[in-house]
Participant: 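Here it is, the structure in full.
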Amino acid sequence: MIVNTLKNELNLADWQVEKVIKLIDDGNTIPFIARYRKDVTGSLNDETLRKFDERLKYLRNLEDRKEKIIARVDELGKLTDDLKNKILNSKTLVELEDLYRPYKSKKKTRATIARDKGLEPLAQIILAQDVKESVKKIAKNYISDEVKTPEDAIKGAQDIIAEIISDNSEFRKKIRQNTFHTGQIQTKTKDKDSTSEYEIYYNYTEDLKRIPPHRILAINRAEKEGIIKGKVVCEADEIIRYLNRHMLKNISKIPEKIEYNRFTTPIIKESVQDSYKRLISPAIEREIRNYLTEKAEKKSIEVFAKNLNQLLMESPLVGKTILGWDPAFRTGCKLAIIDDTGKVLDTALIYPTEPQNKVKESVETVRELIGRYDINVIAIGNGTASRESEEIVSDIIKGTDVEYIIVNEAGASVYSASPLADEEFPDFSEGERSAVSIARRLQDPLAELVKIDPKSIGVGQYQHDMNQKQLSESLTGVVEKVVNEVGVDLNTASYSLLNYVSGIGNTTAKNIIAYREENGSFNSRRELLKVKKLGKKTYEQCAGFVKIDNPKYPLDNTTIHPESYDATFKLLEKLDYSTSDIGSKSLKLDNIDLEKLSLELNIGIETLKDIVRELKKPGRDPREDMPKPILRKNVLSIEDLEIGMIMQGTIRNIVDFGAFVDIGVHQDGLVHISQLVADKFVKHPLDIVGVGDIVDVKVMDVDLKRNRINLSMII
């Protein structure tokens, strides 16, 4: 069943599903399978494989839960063939738990209390609808020390009937579907005269099946903050009629004539009303709200993950000496200069802003640093006092070749206070560490951002309101994907980078660094096998993703896996080349017969294609193709903007309703989803743009009071 489900959901062949399951069960990582087992999987990419892995875990958990439920119901002596088949055919945990509901051990409820009083037989008599006298008269037989009157007995029986109705899985399924497809979510404010960012939801109604994910998350946050109250509304009368039709028996022998038992019908109808309003409706509302929230969170996590992927893949600014500037008011601006390898050359503290306003001294200090270290770029953090710092920097660099850029410093303070930063810069203040981080995240975004919890990087929406475990797993997967896609230098990679390399993990990363410190640089990939607790399986998983600059063996600086070295040597020999030709113009590989060579070398054709691609451009950094950061020399403020102005900017964040663009005025402008493309419907902004993209935009509106800028995209 699992194979069939995965095949249909992911549009795969049976053999692909079976092969991938085996690869995962054998302990292979997703990056390793995606890159080095293409011939086995049919070239399934990282994204598909991660979805596969997630669904495989869910389906296995579902099957495990089925087994436990079947065993439990069988213990109770209530397992029928029909129930067993329904359990085995359940496709979701919700459907499965609906079936199990009547057999669960319940906490104290009105129905369990009534059963303890011996009123279950009376409830069954009423449900049978076969009495010929008043139920009140029958109920006298159930009077006891705990049941004082016939009315008490009937009321207890009704509580039991209400729970029986509520526990019916078919009823729940039908009502859940009906509520979702015909219902609405309504929100009201507790104080209609108050002002907040949630004013749109003060008196708001939208169909459940149409409400977009970002509105669900906004409503949830507004409720959490106590600003509004939301509820699900639907046609309750129709649902109650549906329940009555199924609970009441027509006792007439004539089909055209509807006739019910006059003694039991009113009691059952009351039970139906009570069951729906007290038990079913609140539960269904919770389930639907949870479903919508989970769906919205999943969508938001997907957006966050794609944004993070694009941010980590931003092009490094190579060959530059950078001054990182962490702006502040009272505590001063912290500066750190790094060379083109990321090494910290110097740090400084200046007070150009309020309350000290030591502008002249600060300008002299920065100009002296520029001259001493031949600084090329100043990276200014976008936090407090960023605007004031930018104006000062703009004056400082006039008449020089130095340029500046505003860098998103989200997470820099988190890093600077972390044990990792303390270990890396034990003698630096948190401000100095933050300045280093700002400079380095411009120089090599990936190498620096991996040191920060992905949730703190600030390229999502409502990230603090969603399932933190799922968010963390998803974002960790993104970082792992990018690190392995780019690859790392085994001799310079930090612990943070190594920790994300396929198969390595926390302990092994520390052991690699310890080996490197004790024995010096690695000369070959195979030397990894000398690292403590790094066995053959780990080596297999990680070897292709680590590279060595100027290695003993030339292929160790490529993404070609050591398991394919022999095939690579044979390929070069067959084509009359040697390893010295790798990456040179003399290497002609465009017109070779790949299929023929695949058979001759006994290697998969997809693996052979990757080998050929790598031989042409060994060790190529995929980030080289990404847009370069926009460097500036002059300050522009929001007051300088005019409607109709054409500008160039960088996509900083993408949300469901649009994209935020940095146009150099300290306030990102919003390109609403409707303004991304003029002549076609856009389902989601990520279909058009990505974080880090350089785009041309037109100023549509400037709201100085609310500090908002509306833009449109120019294609």
Side-chain angles (χ1 to χ4, degrees), residues 1-9 55 58-107 109 111-112 114-115 119-131 157-181 238-251 253 255 260-261 264-265 267-269 271-272 274-276 279-281 283-284 286-288 291:
M1 185 172 179
I2 288 178
V3 171
N4 200 47
T5 301
L6 289 168
K7 179 184 77 170
N8 293 331
E9 287 184 358
R55 286 297 291 157
Y58 177 90
L59 293 170
R60 282 179 166 171
N61 181 46
L62 180 65
E63 293 303 308
D64 182 59
R65 183 66 178 147
K66 287 178 184 179
E67 289 180 11
K68 290 178 179 176
I69 287 175
I70 288 172
R72 176 58 183 153
V73 178
D74 195 27
E75 280 178 18
L76 297 172
K78 297 183 179 181
L79 185 66
T80 64
D81 289 341
D82 181 56
L83 177 58
K84 185 175 181 180
N85 287 332
K86 286 181 178 178
I87 290 172
L88 290 172
N89 291 321
S90 298
K91 290 182 172 58
T92 66
L93 284 169
V94 171
E95 185 180 347
L96 184 60
E97 295 302 328
D98 276 353
L99 290 168
Y100 183 47
R101 185 181 297 276
Y103 311 100
K104 273 184 177 178
S105 298
K106 291 184 173 64
K107 295 179 181 178
T109 65
T112 59
R115 286 191 176 95
L119 297 174
E120 176 85 37
L122 178 59
Q124 294 301 329
I125 289 170
I126 295 169
L127 284 172
Q129 303 171 59
D130 198 27
V131 299
Q158 284 183 302
D159 287 340
I160 295 171
I161 293 169
E163 190 169 274
I164 289 171
I165 295 168
S166 174
D167 284 348
N168 187 294
S169 62
E170 291 300 319
F171 291 167
R172 285 216 168 220
K173 183 177 180 180
K174 179 72 175 178
I175 293 168
R176 190 183 294 113
Q177 290 174 344
N178 178 280
T179 304
F180 182 76
H181 289 289
E238 176 59 35
I239 292 172
I240 289 172
R241 282 194 292 271
Y242 160 77
L243 291 172
N244 281 331
R245 284 197 303 271
H246 285 77
M247 292 303 300
L248 297 173
K249 294 180 180 178
N250 178 13
I251 61 173
K253 303 296 183 184
Y260 299 108
N261 187 302
T264 57
T265 293
I267 295 173
I268 292 174
K269 281 188 171 183
S271 301
V272 165
D274 176 52
S275 179
Y276 177 68
L279 301 175
I280 300 174
S281 179
I284 294 295
R286 283 194 302 272
E287 288 174 6
I288 287 176
Y291 167 76

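No hydrogens, no waters, no symmetry mates; every other heavy atom, side chains included, goes into these values. Just so you know, residue 1 is the first one in the sequence shown, and it goes up from there. The structure presented is a predicted model; accordingly, all values stated were derived computationally and were not measured.
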Participant: For Ala162, does its backbone N or O pair with a side-chain atom of Ser275 as donor and acceptor, under 3.5 Å?
Facilitator: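 At least one qualifying donor-acceptor pair exists.
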
Participant: Would one find more than 12 heavy atoms of other residues, nucleotides or ligands at under 6.0 Å from atom NZ of Lys91?
Facilitator: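 No, because the 6.0 Å sphere around NZ of Lys91 holds 12 heavy atoms or fewer from other groups.
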
Participant: May I ask you to check whether over 12 heavy atoms, not counting those of Lys173, lie within 6.0 Å of atom NZ?
Facilitator: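 At most 12 heavy atoms, drawn from other residues, nucleotides or ligands, come within 6.0 Å of this atom.
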
Participant: Taking all non-hydrogen atoms of both residues, which atom of Ile126 and which atom of Ile268 are closest, and how far apart?
Facilitator: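 Heavy atoms only, the tightest pair is O-CD1, 3.6 Å.
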
Participant: Any Lys/Arg nitrogen of Glu163 or Arg115 sitting under 4.0 Å from an Asp/Glu carboxylate oxygen of the other?
Facilitator: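 Judged by the 4.0 Å cut-off on N to carboxylate O distance, Glu163 and Arg115 do form a salt bridge.
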
Participant: Which atom pair, heavy atoms only, marks the closest approach of Tyr100 to Arg72?
Facilitator: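 Nearest heavy atoms, Tyr100 then Arg72: OH-CG, 3.2 Å.
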
Participant: Can you find a side-chain donor-acceptor pair between Arg172 and Ser166 that sits under 3.5 Å?
Facilitator: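 Per modelled atom types, Arg172 and Ser166 side chains form a pair under 3.5 Å.
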
Participant: Output, in order, the C-alpha distance, side-chain angles, deciding distance and verdict of salt bridge (Lys or Arg N to Asp or Glu O under 4.0 Å) for Glu95 and Lys86.
Facilitator: CA-CA 9 Å; Glu95 185 180 347; Lys86 286 181 178 178; over 6 Å; no

Participant: Salt bridge between Lys68 and Asp64, side-chain N to carboxylate O under 4.0 Å?
Facilitator: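 Result for this pair is yes, salt bridge flagged.
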
Participant: Considering all heavy atoms of both residues, which atom of Tyr242 and which atom of Glu170 are nearest to each other, and what is their separation?
Facilitator: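 Where Tyr242 meets Glu170 most closely, the heavy atoms are OH-O, 3.9 Å.
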
Participant: CZ/Arg60 to CD/Glu63 distance, rounded to the nearest 0.5 angstrom?
Facilitator: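 One finds 10.5 Å between CZ of Arg60 and CD of Glu63.
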
Participant: Is the closest side-chain heavy-atom distance between Thr264 and Ile267 below 4.5 Å?
Facilitator: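 A side-chain contact is absent here, since even the closest heavy-atom pair is not under 4.5 Å.
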
Participant: With a 6.0 Å cut-off (strictly less than), is the heavy-atom count around CG of Asp81, excluding the residue itself, greater than 12?
Facilitator: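 No, because the 6.0 Å sphere around CG of Asp81 holds 12 heavy atoms or fewer from other groups.
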
Participant: Using a strict threshold of under 4.0 Å (side-chain N to carboxylate O), is an ion pair present between Arg176 and Asp98?
Facilitator: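 Salt bridge: yes.
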
Participant: Taking all non-hydrogen atoms of both residues, which atom of Asp274 and which atom of Asp159 are closest, and how far apart?
Facilitator: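 Between these two residues, the closest heavy atoms are OD2-OD1, 4.2 Å.
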
Participant: Please find the pair of heavy atoms, one from Val131 and one from Asn261, that lie closest to each other, and give the distance.
Facilitator: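 Residues Val131 and Asn261, closest heavy atoms: O-ND2, 3.0 Å.
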
Participant: Taking Lys78 for the side chain and Val73 for the main chain, is one N or O donor matched with an acceptor at less than 3.5 Å?
Facilitator: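 The answer is no, because no donor-acceptor pair under 3.5 Å joins these two groups.
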
Participant: If you compare all heavy atoms of Ile288 against all heavy atoms of Phe180, which two are closest, and at what distance to 0.1 Å?
Facilitator: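 Scanning both residues, the minimum pair turns out to be CD1-N, 3.9 Å.
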
Participant: Any chance NZ of Lys7 has more than 12 other-residue heavy atoms, nucleotides or ligands included, within less than 6.0 Å?
Facilitator: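 Enclosed.
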
Participant: Would the number of heavy atoms belonging to other residues, nucleotides or ligands and lying under 6.0 Å from OH of Tyr291 be above 12?
Facilitator: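 Atom OH in Tyr291 is not packed in, count stays at 12 or less.
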
